[in-house]
Amino acid sequence: MIDTCNRPLAAKGLTSYRYKGRYDWIMIGANDNADALKQAARSTHDTITADRLQVWNGSQYLDANQLKA
């Protein structure tokens with residue numbers, strides 16, 4: 001099985017994000033942190049919190065508040 005949760009998956013022109021959902025990562029392509037949180041909200045009924053959002057920095061995922069995307 002290919003590990004798709006630890007590499008960027010966003011379409012060209014978007015930044016790769018992932019949001020820690022109830023069961024696993026929700027992979028997101030978005031323009032910025034606010035857009036990524038909006039996209040995460042479309043994928044879960046859980047309350048969305050910024051502390052569960054991570055962004056790809058070019059080599060790994062980091063907490064979105066550590067890196068301005």
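Every heavy atom of this structure was used, including side-chain atoms; hydrogens, water molecules and symmetry mates were not.
- With sequence neighbours excluded, the residues that form a salt bridge (Lys or Arg N to Asp or Glu O under 4.0 Å) with R22 are D46.
- No donor-acceptor distance shorter than 3.5 angstrom exists from the side chain of R18 to the backbone of V55, with no hydrogens or angles considered.
- Residues I48 and Y19 share a closest heavy-atom pair of CA-OH, 3.3 Å.
- From Q39, atom CD reaches atom CG of L14 across 9.0 Å, with rounding to the nearest 0.5 Å.
- Put simply, the side chain of Q60 does not reach to within 4.5 Å of the side chain of N6, judged on heavy atoms.
- The side-chain heavy atoms of N65 and D51, taken from C-beta on, include no pair separated by under 4.5 Å.
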Going through the checks in order, is the side-chain contact (heavy atoms from CB on, under 4.5 Å) test met by L53 and D63?
CA-CA 6 Å; L53 184 67; D63 290 337; over 6 Å; no

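- At a threshold of 4.5 Å between non-hydrogen side-chain atoms, the residues D32 and T15 do not count as touching.
- In terms of heavy-atom proximity, I28 sits nearest to A10 at O-CB, 4.4 Å.
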Could you go step by step and tell me if D35 and Y17 meet the side-chain contact (heavy atoms from CB on, under 4.5 Å) rule?
CA-CA 10 Å; D35 186 30; Y17 288 86; over 6 Å; no

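- Counting heavy atoms from C-beta outward, S16 and Y61 have side chains that approach closer than 4.5 Å.
- Here the side chains of L9 and T4 are in contact, with some heavy-atom distance below 4.5 Å.
- Counting heavy atoms from C-beta on, the side chains of W25 and K20 come closer than 4.5 Å.
- At least one side-chain heavy atom of T44 sits less than 4.5 Å from a side-chain heavy atom of I26.
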